[in-house]
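Beneath this line is the structure, given in structure tokens, with notes to follow.
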Amino acid sequence: MILFVRKNFRIILIFTVLAVVLWILFAPLKLGGQVSYVIITGNSMEPEIEFGDLVIARAASSYQLDDRVVYRHPQVGFVFHRIIGRDDNTFTLKGDNNEWTDSYHPLKSDIIGKYWFLIPGGGAAINKLREPVFFVIFTLIILLVIAFIFLFQRKEIPLKKLRSKRHLMDTQQTPSTGEFRQEILLVLGIIAIAALIFGVISFTRPQTKSIADNLTFEHSGGFEYSAQDQDNIYDSEQIKTGEPIYLLLTCDMNMDYSYEFLAQRMTNKEAEQITGTYRVDALLSDIDGWERSFSLISDTDFKGSSFKSNMDLDLCDIRSLIIEKEEKTEAKNRWYNLTILPNVKLQGSIEGHPFQENYQAAINFQIDTNIMRLPDGLDGIVLNQEGMIENSREVPNTMLIFGREISVKDARRIGVIVFILSLLGAVYPAWSLIRDIRFSDVSRIQVQYYPLLVDIEGGNPANQAEQVVAVASFSDLTKMAERYGAMIMHERLGSYHRYSIQDDQTVYQYAIEVFKEGSLFPNMNDFKKSIRQAIDENQLELYYQPVVRLQDKAIVGVEAFLRWSHPEFGILYPADFISHAEEADLIADIDRWVSRKICWQIHKWKNENVPLVPISVNLSPETIVSNEFIRGFLATMLENQCDPGLIQIEINRSNQVFQSEKVMDHINQLHEVGVRLAVDDFATDAANQINQILQMPINTIKIDRTVIQEITGNPKTQRLVGAIATMAKGLDMDVVAQGVESEEDLKVLKAQKIEIAQGFYLGNLVQAQGLVDLLEKPVGSKTKEG
């Protein structure tokens, strides 16, 4: 169990941290969290929410106007509405899809959370998972995912002894385990994922939202009346508002009417710019419906938010109308209604929002032929009216994070900054880990399998075992460690590293032997710097070997060979550095330099009127498969006005080349522009699929030098070469025999109808100027140099 925990420590840590984060963010109320999950099971009151959606709400410390909240209704259950009003401790809510206002006014304790985000169709999916069949299927999928994560094995490291110069390491340096760096990467990765999720959520929300911001106002009216008490019936000589007026004592009634438009958010300037008209009418009526109207004040203009007006009313005229009506109709009423009707029309603006209002009020008196009074006293004069201009305003949108609201704008900034910082923080530990992993297999094992390793000194477990078994890969050794619950013992003896697991009297071992001695480039990082410097400073050079037509010794082509003029080691051959370049993924850079150099050289010779012949160059399959290289190669030929027919690309005859569709496609592209193509190392064991040549636009077949070395004394080899010549002639291809070292080789090749050859017997490698001298010699005198 301890071994299992150590081996899967990072996975367990990831799941633990994720579980804690998810619990903090999404734990439901029943588990002590702050989140509620509400499935919409009825007609939605929100326009973007539909039946079957899942609404996630999170508890908040306070709830404001325009918040969409979920509350628990005592009869209905959970309800999802928007807050439109608040009165002390209760809230008024309504839906957005209609004008219906919720009749239930919940308390703050009834509200379980504010809208956080929405999962469309999430509720329907949950209801589906509650069905037994789908629940079983979902459970099986989760178990399979967990099993895959814990049972997944790392890529195997094949058993091999790294004795060549291609697999080197500094044995004087102890490989780093990278454990601390991996823990840092794990933490930063979790932070980056959390920041990414947080950022995605914040960017899916608008920065602002529109909330109701209605502009309220009030029409405030004032009304007073007075009359003279000529007979001292009242305490004072003046009859005041609210007191009855006896028509036998006085008929003259004076009235003052005042009006003011009040709006808390209206500026003084806006108040001064209000304009309108007002009038005051009177209406005399009885209970039967008889009416008689007359004007007290005709239409009068005013400017500003208030005005005052004074008017007189002759009550004797009113009494005369009543007496006249009763005499003519013989219908008497106990009371008549006398209504004073102020009517104000005005227009203006509040905070820039224009309005037009029509304010009407009514003061109701009771009157007969003897008295006029206010039936309800002063309480009957109610002239104030409230109004509202519907308005909305944009406010910063917010997100609820751990019960605290922050603006969406700030949330976006936080998400982006944390994500970038976590990525930047991961650059160095990730780079150093990759560097150590790529440095050598020993370093890679130390980094990847550190929890399973125990370093030992002074004793090989195999010395005490009855049986020693060598396993094929290090991952096989880890499987054995898991099976037997054992640690892997690591023993280091200079350049020799041995990994062992002991089970009773059997020891399972995996060994790596690495060498530093004799290598020109023991450190891969130093090699990368050196080769890049060589390319930039033109330390690389091309040498050329003539390809000769045997009939007249004419040079019909040349093959370019790469050399490195190293400032410390002198001239280096491809065998000294090409394998390192392949391991360092720098072979394409070298091939790119070679192709540019050849195009430049052909252009230069053309301008100097040097006789031109095709130049052959070897390119790796990794280079040919690159779209970037093909585009660059074609552009280089165009830039240097280089005749494609003067370039011949040699392709090593390996099965891998012909099995790559991209390589075949690029070969066809080169052929279409006129580049010649040759198959190198033909007639070797690795190139025995002749039928594949028929699928390629090949111009030349080059017989491998190992075949030519056996041609003098081997009749079978001679017949093979002759068959190749016959086949090539039938396919309209040239044949070049490589590695000609003697006159005997030439005689046999001529007898087998070979017309073109190359080798040190026909011409040594020369630099560009030496090749010019050869090309400018008369035909027949171009013989072996040196």
Side-chain angles (χ1 to χ4, degrees), residues 545-560 611-619 643-655 657-658 664 667-668 670-759 761-763 779-780 782-783:
Q545 185 177 51
V547 178
V548 178
R549 186 168 57 225
L550 300 184
Q551 180 181 0
D552 55 4
K553 301 296 180 68
I555 298 177
V556 295
V558 295
E559 181 175 354
L612 298 177
V613 294
I615 301 177
S616 295
V617 57
N618 278 281
L619 296 180
D643 182 4
L646 294 175
I647 298 178
Q648 178 170 274
I649 294 178
E650 297 187 5
I651 306 167
N652 186 278
R653 282 286 293 114
S654 64
N655 293 336
V657 174
F658 295 97
M664 297 295 290
I667 287 174
N668 288 324
L670 295 173
H671 172 71
E672 289 173 1
V673 299
V675 176
R676 296 174 58 85
L677 300 170
V679 174
D680 196 15
D681 299 338
F682 192 78
T684 62
D685 292 340
N688 54 9
Q689 298 182 10
I690 297 177
N691 63 318
Q692 292 183 339
I693 297 179
L694 302 177
Q695 304 173 11
M696 301 176 62
I698 299 300
N699 301 102
T700 305
I701 295 176
K702 302 191 74 172
I703 303 176
D704 190 64
R705 66 182 66 251
T706 59
V707 177
I708 303 304
Q709 289 172 358
E710 302 177 359
I711 195 171
T712 302
N714 192 330
K716 289 184 178 181
T717 302
Q718 296 174 12
R719 289 193 292 272
L720 173 61
V721 172
I724 293 173
T726 302
M727 178 196 69
K729 186 175 182 180
L731 297 175
D732 196 23
M733 298 179 184
D734 294 331
V735 176
V736 178
Q738 301 182 92
V740 177
E741 304 293 342
S742 65
E743 184 66 29
E744 289 76 12
D745 293 342
L746 283 180
K747 291 179 180 179
V748 176
L749 292 173
K750 289 179 179 180
Q752 299 300 326
K753 308 300 183 183
I754 297 297
E755 299 177 352
I756 304 174
Q758 71 180 91
Y761 183 76
L762 298 173
V779 175
K782 300 172 184 176
T783 58

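A side-chain contact (heavy atoms from CB on, under 4.5 Å) with V613 holds for exactly one of V556, L646, V558; it is V558. Exactly one residue among R549, K729, R676 makes a salt bridge (Lys or Arg N to Asp or Glu O under 4.0 Å) with D734. That residue is R676.
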Practice problem: Begin from the C-alpha positions of Q718 and V748 and carry the test side chain to side chain contact (heavy atoms under 4.5 Å, CB included) through to its verdict. | Solution: CA-CA 7 Å; Q718 296 174 12; V748 176; 3.7 Å; yes

Practice problem: Step by step, work out the side chain to side chain contact (heavy atoms under 4.5 Å, CB included) result for L762 and L746. | Solution: CA-CA 10 Å; L762 298 173; L746 283 180; 4.1 Å; yes

Practice problem: Determine, stepwise, if the pair D745 / T712 fulfils side chain to side chain contact (heavy atoms under 4.5 Å, CB included). | Solution: CA-CA 6 Å; D745 293 342; T712 302; 2.9 Å; yes

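With contacts defined as side-chain heavy-atom distances shorter than 4.5 Å, the pair Q752/I724 does not qualify. Side-chain contact check for V736 versus E650: every heavy-atom pair is 4.5 Å or farther apart. For the pair K716/E710, no side-chain contact is recorded, criterion being any heavy-atom separation below 4.5 Å from C-beta on.
N714 contributes atom CG, which lies 9.5 Å from atom CG of L720 (distance to the nearest 0.5 angstrom). How far CD of Q648 is from CG of N699: 6.5 Å, rounded to the nearest 0.5 Å. If you take OG1 on T706 and CD1 on I703, they are separated by 10.5 Å, rounding to the nearest 0.5 Å. Within the model, atoms OG1 of T717 and CD of Q709 stand 11.0 Å from one another, a figure rounded to the nearest 0.5 Å. Distance CG/D680 to CD1/I649: 13.0 Å, rounded to 0.5 Å. Distance CG/L677 to CD1/I667: 6.5 Å, rounded to 0.5 Å.
Of all heavy-atom pairs between R705 and G739, the closest is NH1-CA, 3.5 Å. Listed here is the closest heavy atom pair of L749 and I708: CD2-CD1, 4.0 Å. Minimum heavy-atom separation, H671 to P697: CG-CB, 3.2 Å. Nearest heavy-atom pair across Y761 and E741 is CB-C, 3.6 Å. Q758 and P546 get closest at one heavy-atom pair: CB-O, 3.4 Å.
Legend: residues meeting side-chain contact (heavy atoms from CB on, under 4.5 Å) with A728, ordered by chain and number and at least two apart, are I701, M733, V735.
Crowding of E755 atom CD: a count of heavy atoms from other residues, nucleotides or ligands under 6.0 Å not exceeding 12.
The closest side-chain donor-acceptor pair between S616 and E559, if any, does not fall under 3.5 angstrom.
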